[in-house]
Number of protein chains: 2
Amino acid sequence: MEAISYNRPSLTALLRRHGIAPTHQRLEIAQVLFGRCHHLSADQILARVNEQHAETSKATVYNTLNLFCDRGLIREVIVDPKRVFYDPNTDPHHHLYNVDTGEITDIHAGALSVSGLPELPPGMVTEGVDIIVRMRASSPSVG
Amino acid sequence: MEAISYNRPSLTALLRRHGIAPTHQRLEIAQVLFGRCHHLSADQILARVNEQHAETSKATVYNTLNLFCDRGLIREVIVDPKRVFYDPNTDPHHHLYNVDTGEITDIHAGALSVSGLPELPPGMVTEGVDIIVRMRASSPSVG
DNA sequence: GCACAAATTAGACAAAGTCCAATTATTGAA
DNA sequence: TTCAATAATTGGACTTTGTCTAATTTGTGC
Ligand SMILES: [Mn+2]
Ligand SMILES: [Mn+2]
Ligand SMILES: [Zn+2]
Ligand SMILES: [Zn+2]
């Protein structure tokens with residue numbers, strides 16, 4: 001993962017490097033995404049951005065997340081049919097999904113290897129290979 | 001995949017084997033699921049079931065799909081953030097997803113192997129490993 | 001300041017899915 | 001059969017996630 005410090009000047013530079021004008025709202029959203037918690041949903045990001053003082057609308061959060069995805073700053077994680085999660089880590093990696101809690105953890109791609117994938121139909125090219133390990137507590141009620 | 005013939009008596013038996021009372025609506029839905037096309041969304045199933053003559057409601061389609069999933073008759077495929085697809089094949093296998101067309105194709109698990117998956121946290125157990133290969137036409141506009 | 005483009009916004013809208021109270025179908029005992 | 005009890009189905013209201021649009025605000029350069 002690209003090493004990123006989470007202060008305004010470096011986030012501003014990060015956006016500029018991806019051809020994105022660094023507005024106040026976009027910086028707030030970037031700060032939430034690249035700050036501590038990974039794998040947040042749009043709703044969670046909206047809430048965090050407006051925690052101290054309301055300053056960003058729902059429309060802008062969605063606009064910005066889609067823009068960041070298009071420009072390759074972040075990527076979507078599709079594991080929960082109810083909502084999309086956004087991942088500031090765009091390096092190839094995979095996910096461990098706790099189906100009970102909804103928590104998502106990274107699986108580094110380094111150690112992992114997949115063999116035996118079929119050839120794609122002619123004219124098709126791989127956009128990505130997503131591996132999701134779904135896990136739950138071994139005994140539903142007890143420990 | 002369990003070998004299933006798609007006539008009423010065998011579908012009835014299939015439901016009974018899974019502890020599901022075989023009502024008219026459930027049999028219609030099972031017929032659509034286990035008939036030709038795999039990987040259908042709830043909406044597509046609703047449309048097919050009511051193709052000849054309207055006889056099943058949206059609520060029943062959702063109720064039934066959830067019931068079939070709970071009882072292990074079918075499974076969900078989470079690849080498209082907009083809708084869930086339902087898979088009558090519950091054997092371990094993976095999916096090739098055409099991001100342009102939305103088409104989903106099976107990848108048989110036989111040939112495929114994954115190594116280097118991390119250990120799960122204590123007390124956790126794997127519910128499944130989903131591999132999704134996302135592909136698109138190699139050149140966006142031309143062939 | 002002024003003009004022009006780009007970004008943001010509130011709120012209407014759309015689609016997927018759930019929920020509920022009322023109706024209808026199924027079951028199985030008499 | 002008939003009947004009562006139970007289970008399934010239903011229309012439609014509702015919720016949630018996400019998109020769209022027209023109006024406003026902001027930013028930039030002159
Ligand atoms: Mn702030
Ligand atoms: Mn029919
Ligand atoms: Zn991740
Ligand atoms: Zn499949």
Side-chain angles (χ1 to χ4, degrees), chain A residues 8 11-12 15-16 18-33 39-50 53-71 73-87 102 104, chain B residues 8 11-13 15-16 18-33 39-50 53-71 73-87 99 102 104:
Chain A
R8 288 310 175 101
L11 288 173
T12 299
L15 298 205
R16 287 235 166 83
H18 285 80
I20 298 168
T23 65
H24 178 70
Q25 286 87 344
R26 287 168 179 174
L27 285 166
E28 291 280 327
I29 292 166
Q31 195 159 48
V32 168
L33 280 165
H39 308 122
L40 298 172
S41 69
D43 234 44
Q44 292 173 323
I45 291 164
L46 178 62
R48 298 238 178 156
V49 153
N50 289 327
H53 40 272
E55 55 190 349
T56 306
S57 72
K58 183 179 67 153
T60 295
V61 168
Y62 280 102
N63 287 345
T64 300
L65 291 171
N66 289 332
L67 178 68
F68 284 7
C69 282
D70 289 351
R71 299 295 168 86
L73 238 182
I74 63 176
R75 61 138 136 168
E76 297 183 339
V77 180
I78 316 286
V79 283
D80 177 344
K82 287 204 167 345
R83 62 191 73 72
V84 171
F85 291 91
Y86 294 89
D87 195 337
I104 300 169
Chain B
R8 289 308 176 102
L11 288 173
T12 300
L15 298 205
R16 287 235 166 83
H18 284 81
I20 298 168
T23 65
H24 178 71
Q25 287 87 344
R26 286 167 179 175
L27 285 167
E28 292 280 328
I29 292 166
Q31 195 159 49
V32 168
L33 281 164
H39 311 121
L40 297 172
S41 70
D43 234 44
Q44 292 172 322
I45 291 164
L46 178 63
R48 297 239 177 154
V49 153
N50 290 327
H53 39 273
E55 55 192 349
T56 305
S57 71
K58 182 178 68 156
T60 295
V61 168
Y62 280 102
N63 287 346
T64 299
L65 291 171
N66 289 333
L67 178 68
F68 284 7
C69 282
D70 289 351
R71 300 294 168 85
L73 238 182
I74 63 176
R75 60 139 136 169
E76 296 183 337
V77 180
I78 317 284
V79 283
D80 177 343
K82 287 205 169 342
R83 63 189 78 68
V84 172
F85 291 91
Y86 293 90
D87 194 337
V99 299
I104 299 170

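Lettering follows sequence order; numbering is per chain, from 1.
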Starting at atom CD1 of Ile20(A), determine the distance to atom C1' of dA6(C), rounded to an integer number of angstrom.
-> 14 Å
Shortest non-hydrogen contact from Ile78(A) to Glu76(A)?
-> CD1-OE1, 3.8 Å
At under 4.0 Å between heavy atoms, what does Asn63(A) touch on the DNA or RNA strands: base, sugar-phosphate, or nothing?
-> base
Between Asn66(B) and Arg26(A), which is nearer to the 5' end of DNA chain C once each is assigned its nearest nucleotide?
-> Arg26(A)
Could you check whether Thr60(A) gets within reach of a base, just the sugar-phosphate, or nothing at all, counting any heavy atom under 4.0 Å?
-> base
For DNA chain C, determine which residues of residues 79-87 of chain A have any heavy atom closer than 4.0 angstrom to one of its atoms, and list them numerically.
-> none
For the side chain of Ala21(A), starting at C-beta, report the closest nucleotide among dA7(C), dG18(D), dT9(C).
-> dA7(C)
Is Tyr62(B) near enough to dT18(C) that one of its side-chain N or O atoms lies under 4.0 angstrom from OP1 or OP2?
-> no
Atom CG of Leu67(A) to atom C1' of dA6(C): distance rounded to whole Å?
-> 12 Å
Figure out the CG/P separation between Leu46(B) and dT18(C), and round it to whole Å.
-> 14 Å
OP1 or OP2 of dT26(C) under 4.0 Å from side-chain N/O of Thr23(B) = no
Relative to the 5' end of DNA chain D, which residue comes earlier, Lys58(A) or Gln25(B), by the nucleotide with the nearest heavy atom?
-> Gln25(B)
Using a cut-off of strictly less than 4.0 Å, decide whether Thr56(B) has a side-chain nitrogen or oxygen near OP1 or OP2 of dT9(D).
-> no
Contact class for Ser41(A) vs. all strands (heavy atom < 4.0 Å): base, sugar-phosphate, or nothing?
-> nothing
